[in-house]
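First listed ligand is number 1; within each ligand, the first listed atom is number 1.
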Amino acid sequence: MAYPRGSRAPLEFGGPLGAAALMVLLPATMFHLLLVARSGPARLLGPPPYLPGPDVLWSPRVLLLWLAWLGLQAALYLLPARKVAEGLELKDKSRLRYPINGFQALVLTALLVGLAVSAGLPLGALPEMLVPLAFAATLTAFIFSFLLYLKALGVPPSALAPGGTSGNPIYDFFLGRELNPRICSFDFKYFCELRPGLIGWVLINLALLMQEAELRGSPSLAMWLVNGFQLLYVGDALWHEEAVLTTMDITHDGFGFMLAFGDLAWVPFTYSLQAQFLLHHPQPLGLPMASAICLINALGYYIFRRANSQKNTFRKNPSDPRVAGLETIPTATGRQLLVSGWWGMVRHPNYLGDLIMALAWSLPCGVSHLLPYFYFLYFTALLVHREARDEQQCLQKYGLAWQEYCRRVPYRILPYVY
Ligand SMILES: NC(=O)C1=CN([C@@H]2O[C@H](COP(=O)(O)OP(=O)(O)OC[C@H]3O[C@@H](n4cnc5c(N)ncnc54)[C@H](OP(=O)(O)O)[C@@H]3O)[C@@H](O)[C@H]2O)C=CC1
Ligand SMILES: CC(C)CCC[C@@H](C)[C@H]1CC=C2C3=C(CC[C@@]21C)[C@@]1(C)CC[C@H](O)C[C@@H]1CC3
């Protein structure tokens with residue numbers, strides 16, 4: 001997004017105060033969820049069962065395990081890729097190149113973990129380490145963001161993100177100053193967005209499933225569903241890895257604490273909340289209900305995938321026969337906006353599909369507790385906020401054409417409601 005010379009991007013997230021509060025609140029929420037999920041009452045809004053002391057949080061052995069995980073994912077990132085994709089054009093007119101080997105990393109990780117488990121690695125012990133692992137990930141995110149902040153002090157202005165250069169160190173530390181921090185061809189933001197956290201999330205889910213099998217003889221149907229749905233989601237993200245290159249995280253946001261913590265700690269330790277809950281609070285689930293939940297997930301996935309693929313196909317080649325017949329609005333940038341098909345129904349059909357899936361991930365946990373619905377509630381807030389940020393950016397990019405799009409497609413996420 002371009003801003004007039006001399007002007008600065010408007011402050012987001014409540015400015016420096018909001019950023020400071022989020023840096024405390026986000027880790028605190030994550031630890032709260034981890035502790036409450038294993039407590040008897042499992043009350044989302046109740047106090048945690050205890051406040052973890054340094055002996056619970058800190059373990060050099062667990063820190064080493066965490067660093068080994070990051071090292072393994074970095075090594076897999078560096079393996080030869082089936083394809084190298086180009087990112088969007090940068091301010092200096094150059095384009096960065098990105099390896100497309102995320103799905104390969106997922107498969108190789110699964111093979112390595114399978115081998116290690118058959119050689120006696122007690123994967124079922126992982127759930128007991130979640131709190132110190134989350135602490136190691138949080139510590140890494142803070143240190144990493146600090147190093148990224150320092151690195152950004154030495155780069156040319158063209159390498160800075162539009163939003164993270166307010167001059168306020170707290171705000172810029174949170175949002176991230178440099179747009180695409182790299183060492184040689186290793187892109188830190190792209191690596192973190194898709195690898196250690198997302199693959200770590202499915203590994204934690206699997207460990208919870210294995211521990212449930214150890215405890216109760218076999219994993220419950222609810223645990224199978226949560227594992228299956230979330231594996232599909234992560235597998236899909238890595239299969240369509242190239243699509244992440246056009247998200248606002250890569251094209252607009254700097255790499256600071258928000259994304260470092262979000263990618264490395266928040267995703268694996270809070271997105272696995274349903275499986276954590278199920279390990280400690282088994283839920284009966286009959287076949288008819290399980291089938292209905294599978295249908296809801298399939299509907300969400302269908303909308304999510306078709307909408308994302310339609311836009312990606314259109315952005316790659318508007319004359320592709322699959323999208324050539326769709327109605328469009330021309331914009332002053334030369335690009336067009338889809339105004340029929342999925343993107344003519346609501347302005348963010350992919351968010352709608354994602355939210356339906358989020359609901360399907362919570363339903364196997366029953367309705368006796370609010371806790372497993374945390375992801376759905378948080379995700380609704382995240383997408384509503386993200387949608388507002390995206391609207392601002394699109395209005396800036398496309399001006400009148402965007403206003404015309406909003407007039408023709410008045411609903412944002414949910415038809416006739418929002
Ligand atoms: N699980 C999680 O925690 C999260 C999941 N997600 C998911 O990731 C995916 C990507 O999300 P996100 O990057 O936020 O946003 P989108 O994929 O919705 O991308 C928004 C961009 O699409 C383009 N666009 C918008 N409307 C149109 C149109 N009518 N025609 C053509 N292009 C249009 C614009 O960019 P341009 O014109 O420049 O191409 C706009 O900036 C989504 O499926 C989302 O649900 C996102 C965040 C978190
Ligand atoms: C810590 C804060 C609450 C904010 C953290 C935000 C991050 C967790 C998310 C920002 C954008 C994300 C995307 C994905 C995962 C979550 C984060 C990193 C996906 C990779 C999820 C799978 C989708 O298919 C693509 C998503 C792109 C954006």
Side-chain angles (χ1 to χ4, degrees), residues 1 13 22-23 25-27 29-30 88 102 138 141 174 189-190 192-195 197-198 201 230 232-241 243-253 256-271 300-301 303-316 318 323 326-329 331 333-358 361 375 378-379 381-383 385-398 401-402 404-406 408-409 412-413:
M1 189 164 46
F13 299 97
L22 282 172
M23 280 192 279
L25 278 178
L26 289 171
T29 305
M30 180 183 72
L88 296 185
T138 307
F174 177 76
K189 188 167 60 167
Y190 175 67
C192 289
E193 178 107 353
L194 283 168
R195 313 299 178 92
L198 276 192
W201 170 20
Q230 298 184 349
L232 170 72
Y233 188 70
V234 171
D236 175 276
L238 294 168
W239 185 258
H240 297 98
E241 188 178 19
V244 92
L245 297 178
T246 54
T247 60
M248 70 171 79
D249 314 276
I250 300 291
T251 61
H252 180 268
D253 292 336
F257 181 80
M258 179 180 76
L259 282 181
F261 176 78
D263 296 342
L264 297 177
W266 184 259
V267 167
F269 300 103
T270 63
Y271 283 28
Y301 179 69
I303 299 176
F304 165 85
R305 177 56 21 235
R306 294 303 293 262
N308 275 323
S309 293
Q310 189 169 74
K311 176 165 68 73
N312 295 341
T313 307
F314 180 73
R315 278 286 172 251
K316 264 191 200 155
V323 290
L326 295 173
E327 220 182 314
T328 58
I329 300 179
T331 75
T333 65
R335 293 181 129 199
Q336 295 173 316
L337 290 168
L338 285 169
V339 74
S340 69
W342 290 103
W343 298 81
M345 246 174 254
V346 283
R347 299 207 291 273
H348 284 278
N350 48 354
Y351 288 5
L352 175 64
D354 221 335
L355 281 168
I356 295 174
M357 281 192 283
W361 301 352
Y375 177 75
Y378 139 81
F379 198 45
L382 178 106
L383 290 185
H385 180 246
R386 197 172 165 93
E387 186 274 333
R389 292 185 79 209
D390 190 54
E391 293 268 322
Q392 271 310 105
Q393 289 168 26
C394 286
L395 190 61
Q396 191 109 25
K397 263 188 289 191
Y398 301 127
W402 185 259
E404 167 69 2
Y405 178 49
C406 295
R408 295 198 35 195
V409 184
R412 297 169 157 99
I413 299 178

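The heavy-atom pair separating Leu245 from Leu88 by the smallest distance is O-CG, 4.4 Å.
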Q: Might you work through the ring pair (Phe, Tyr, Trp, His ring centres under 6.0 Å) test for Tyr233 and Trp361, ending with a clear yes or no?
A: CA-CA 11 Å; Tyr233 188 70; Trp361 301 352; 5.0 Å; yes
>> side-chain contact (heavy atoms from CB on, under 4.5 Å), that's the test. Do Tyr398 and Arg335 meet it? Break it down for me.
In response: CA-CA 9 Å; Tyr398 301 127; Arg335 293 181 129 199; 3.4 Å; yes
Requested in this report: Test side-chain contact (heavy atoms from CB on, under 4.5 Å) on Trp402 and Ile329 and set out the steps.
Outcome: CA-CA 9 Å; Trp402 185 259; Ile329 300 179; over 6 Å; no
CA sep, side-chain torsions, deciding dist, call: Leu383, His348, side-chain contact (heavy atoms from CB on, under 4.5 Å): CA-CA 10 Å; Leu383 290 185; His348 284 278; over 6 Å; no
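For atom 19 (C) of ligand 2, the protein comes within 4.0 Å by no heavy atom at all. Counting only heavy atoms, the protein never gets under 4.0 Å from atom 25 (C) of ligand 2. Distance screen at 4.0 Å: atom 9 (C) of ligand 2 has no protein heavy-atom neighbour inside the cut-off. Distance remark: protein heavy atom present below 4.0 angstrom from atom 22 (C) of ligand 2. Within the 4.0 Å cut-off (strictly below), no protein heavy atom is located near atom 8 (O) of ligand 1.
No side-chain donor-acceptor contact under 3.5 Å links Lys311 to the backbone of Leu338.
Heavy atoms of Asp354 found under 4.0 angstrom from ligand 1 belong exclusively to the side chain. Contact annotation for Asn308 and ligand 1: only side-chain heavy atoms (C-beta onward) come within less than 4.0 Å of the ligand. Contact annotation for Leu382 and ligand 1: only side-chain heavy atoms (C-beta onward) come within less than 4.0 Å of the ligand. Under 4.0 Å from ligand 1, the heavy atoms of Cys394 that appear belong solely to its side chain. Counting heavy atoms closer than 4.0 Å to ligand 1, residue Asp390 contributes side-chain atoms (C-beta onward) but none from N, CA, C or O.
When the shell of 6.0 Å around CZ of Arg315 is examined, it contains more than 12 heavy atoms from other residues, nucleotides or ligands.
Relative ring orientation between Phe304 and Tyr301 is described as tilted, the plane-to-plane angle lying within the 30° to 60° band.
Across Lys397, Lys311, His348, heavy-atom proximity to atom 23 (C) of ligand 1 is greatest for Lys311. Around atom 12 (P) of ligand 1, the closest heavy atom drawn from Met248, Arg386, Glu193 belongs to Arg386. Nearest-heavy-atom check against atom 31 (C) of ligand 1 across Arg305, Glu391, Arg315 picks out Arg315. For atom 2 (C) of ligand 1, the nearest non-hydrogen atom from the set Tyr351, Phe304, Phe379 belongs to Phe379.
By the 4.5 Å heavy-atom criterion applied to side chains, Ile413 and Leu352 are counted as neighbours. Between Asp354 and Met357, the closest side-chain pair of non-hydrogen atoms falls below 4.5 Å.
Considering backbone and side-chain atoms alike, Trp343 places every N or O at 3.5 Å or more from each N or O of ligand 1. Geometrically, ligand 1 and Arg347 share no nitrogen or oxygen pair separated by less than 3.5 Å. Of the polar atoms of Tyr233, at least one N or O is found under 3.5 Å from an N or O of ligand 1, judged by distance alone.
Taking a cut-off of under 4.0 Å to the non-hydrogen atoms of Asp263, the atoms of ligand 2 that pass are 18 (C). Counting the atoms of ligand 2 from 1 in the order shown, those under 4.0 Å from a heavy atom of Ala237 are 22 (C), 24 (O). Taking every heavy atom of Arg335 and a limit of under 4.0 angstrom, the matching atoms of ligand 1 come to 36 (P), 37 (O), 38 (O), 39 (O). Listed by atom number, the atoms of ligand 2 under 4.0 Å from Phe304 heavy atoms are 24 (O). Close approach to Asp249 involves these atoms of ligand 2, each under 4.0 Å from a residue heavy atom: 10 (C), 11 (C), 28 (C). Listed by atom number, the atoms of ligand 1 under 4.0 Å from Thr247 heavy atoms are 13 (O).
What sits closest to atom 18 (O) of ligand 1 on the protein, heavy atoms only, is Asn350 ND2, 2.9 Å. Residue, atom and distance of the protein heavy atom nearest to atom 28 (C) of ligand 2 are Glu193 OE2, 3.3 Å.
For the atom pair Asp249 CG and Glu193 CD, the distance stands at 4.5 Å (nearest 0.5 Å).
In summary, the aromatic rings of Trp266 and Tyr378 are positioned with their centroids under 6.0 Å apart.
In this structure, Glu391 pairs ionically with Arg347, as a charged nitrogen and a carboxylate oxygen lie closer than 4.0 Å.
Not a single heavy atom of Glu387 sits less than 4.0 Å from an atom of ligand 1. For Arg386, the closest heavy-atom approach to ligand 2 falls below 4.0 Å. Using a 4.0 Å cutoff on heavy atoms, Gln393 does not count as a contact of ligand 1. Not close to ligand 1: Trp342, with no non-hydrogen atom less than 4.0 angstrom away.
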